Amino acid sequence: MRNIYCGIADIRKRVFAEVAKLAYEGGDYSRIEKIPYEIIPGEVGDQRDSIFLERAIVGERLRLAIGMSLRPASEQGLLSDGLEETAIAEKYYDPPLVNIIKYACNACPETHYEITNACQGCLARHCINACPKEAISLRHGQATIDQTKCIKCGKCKSACSYQAIIKFERPCQEACGMNAIGKDEYGRAEINQDKCVSCGQCLVNCPFGAIVDKGQIFQLVHAMKTGADVIAIIAPAFWGQFGENVTPGQIVQAMKMLGFAAVEEVAIGADLCAVEEAEEFLRVVPEKQPFMATSCCPAWSVMAKKEFPGMAPYISMTMTPMVLTARLFKKKNPKAKIAFIGPCAAKKLEASRRTVRSDVDFVLTFEELRGMFEAKRIDFSQIEDVPASYAASAPAVGFAHSSGVAKAVEEVIHREHPEVEVKTVFAEGLRECRQMLRIARTGKYDGYLLEGMACPGGCIAGPGTIQPPEKSRRLLEQYKAKAPLSNPLESDYLENVDMIYEENDSWQSSSRH
């Protein structure tokens, strides 16, 4: 289950905090060698068989959080190797973004069905009768499965009157909607990078904390130390992430204490995105294409292009809210650096693209931002609450949860064209998204607006979030209720759209997602 606090979450928090502290303090970076001993003190490990293994895993987590490459267990070296070269104010992610620390992997068994002790050895023998391969027999009063005959059809599980049969599946594989996770020669998880879209669901669903993405905290802090104006643009899913009673005003104050020059809402870019997607939908559907799909979620759009290349032209060419917001403030302050703060791992991949990297310099998750707060010992109870300027509309704030993007676009169309019927359908989780596109391929969704979200629940359930998705959704609704605008068309930032597209004739719309 996502976002139940556990030891893995605590290790992540400590690692991000130590990386931020290392960057803020500067000096001799060789002291990184001591950090695993500070995070995992003592002589006896309490999570794995060996305390030395625990520290080695923490060491690789530190390197990945700094943005360095993962090292195999066979490679000898210090944690600080290559650190000086990474202590710079600008560094994009070197692929792969999502990595598996192999010696942290449990090498879980492959997918199979097991009969548990709940089996009553009943006379009906429903499981035996349902099995098409005669793989189930009764031994010593209990049913048992011959795995060499089992074809994993699941009919026995459905037939059992006692729910005594379970489907065992690797959590990382179950979470991966792209079927991108296999195994190596030792049975450890392995990512097929050709299939992976960096949604990050595997890294938050691995119970052993073996899957980790790279970070930019280190470089962000170094950019601040050079004196650059670093503007944070924060995704609408931030509401409640740092504590239910922590207000947006306190978050802005705290982020300025970290060194950010300003904090802006990505929801204002969502307003612009909703308006542009509405105009695009009316322009192209159904005259030029059968349907249009939203472009906000990079993992969803990359999946669509990988799995359904023929449908790639049907994905909206509108820039994502992150890019629209970043470009808006870079146009106003060309020397500024932009740091996107959000719930998403795939945004890190999006920002690394050639067509986007000039607009977005850094991408951090809410978890990584919390690490920076920890490094600076920010106590929100001691920070004065100041009025927050809500500049975005309620539908734009709603981009953060599933179906929110489609509803915002629908609101825009209905405001300007009340006579137009807008048919929408949405999917959350990449498996559902793939199914939605399969159905669209049959023509069932002709004339529709399709919304895809890689994370089940939407951005509020992204891999970089801190709070449980159901709690985040409730708090997001409170945030929406406080928004002063009821429709994206009311945004004051619409007058800046022309400025966003100035002098960008060479920028290809097909590269926007």
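Computed from a predicted model, the values in this text were never measured in an experiment.
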Can you give me every donor-acceptor pair (side chain of residues 333-344, partner residue at least two apart or in another chain, under 3.5 Å) with its distance?
from : atom 1 : to   : atom 2 : distance (Å)
N333 : OD1    : K335 : N      : 3.4
K337 : NZ     : E90  : OE1    : 3.4

message = Between Y24 (side chain only) and L258 (backbone N and O only), is there a donor and an acceptor less than 3.5 Å apart?
response = yes

request  = State whether the side chain of E265 and the backbone N or O of P236 hold a donor-acceptor pair below 3.5 Å, judged by distance alone.
outcome  = no

request  = For atom CG of D379, decide whether the heavy atoms of other residues, nucleotides or ligands shown that lie under 6.0 angstrom number more than 12.
outcome  = yes

ask   = Under 3.5 Å, is there a donor-acceptor pair between the side chain of R370 and the main chain of I466?
value = no

query = Are the side chain of K91 and the backbone N or O of T86 linked by a donor-acceptor pair below 3.5 Å?
reply = no

request  = Determine whether more than 12 heavy atoms belonging to other residues, nucleotides or ligands lie under 6.0 Å from atom NZ of K444.
outcome  = no

message = Could you check whether S316 and E276, counting side-chain N and O atoms only, form a donor-acceptor pair closer than 3.5 Å?
response = no

task = Using a strict 4.0 Å threshold on nitrogen-to-oxygen distance, state whether K407 and E410 make a salt bridge.
result = no

Under 3.5 Å: donor-acceptor pair, side chain of E432, backbone of G429 = no

ask   = Step by step, would you call K332 with E264 a salt bridge (Lys or Arg N to Asp or Glu O under 4.0 Å)?
value = CA-CA 13 Å; K332 292 184 175 183; E264 305 290 349; over 6 Å; no

query = Closest approach of T325 and V266, non-hydrogen atoms and distance?
reply = OG1-O, 3.4 Å

query = What are the two closest non-hydrogen atoms of A267 and A392, and how far apart are they?
reply = CB-CB, 3.4 Å

task = Report yes if some heavy atom in the side chain of F281 is under 4.5 Å from a heavy atom in the side chain of V412; otherwise report no.
result = no

query = Without hydrogens or angle criteria, can the side chains of E280 and T318 be said to hold a donor-acceptor pair below 3.5 Å?
reply = yes

query = Among side-chain atoms of Q241 and S472, is any donor-acceptor pair under 3.5 angstrom?
reply = yes

ask   = Are any side-chain N or O atoms of K376 and backbone N or O atoms of A254, one a donor and one an acceptor, separated by less than 3.5 Å?
value = no

ask   = Between Q219 and I66, is there a donor-acceptor pair closer than 3.5 Å when you use the side chain of the first and the backbone of the second?
value = yes

ask   = How are the rings of F291 and Y314 set to each other: parallel, tilted or perpendicular (split at 30° and 60°)?
value = perpendicular

key: Within residues 240-256 or reaching into it, pairs that qualify as salt bridge (Lys or Arg N to Asp or Glu O under 4.0 Å) - sequence neighbours excluded   = E244-K471, E244-R474

inquiry  = Is it the case that the side chain of Q173 and the backbone of I181 share a donor-acceptor pair, with hydrogens and angles ignored and the cut-off at 3.5 Å?
reply    = yes

key: Verdict with reasoning, M224 to F260, per side-chain contact (heavy atoms from CB on, under 4.5 Å)   = CA-CA 7 Å; M224 291 173 170; F260 289 102; 3.5 Å; yes

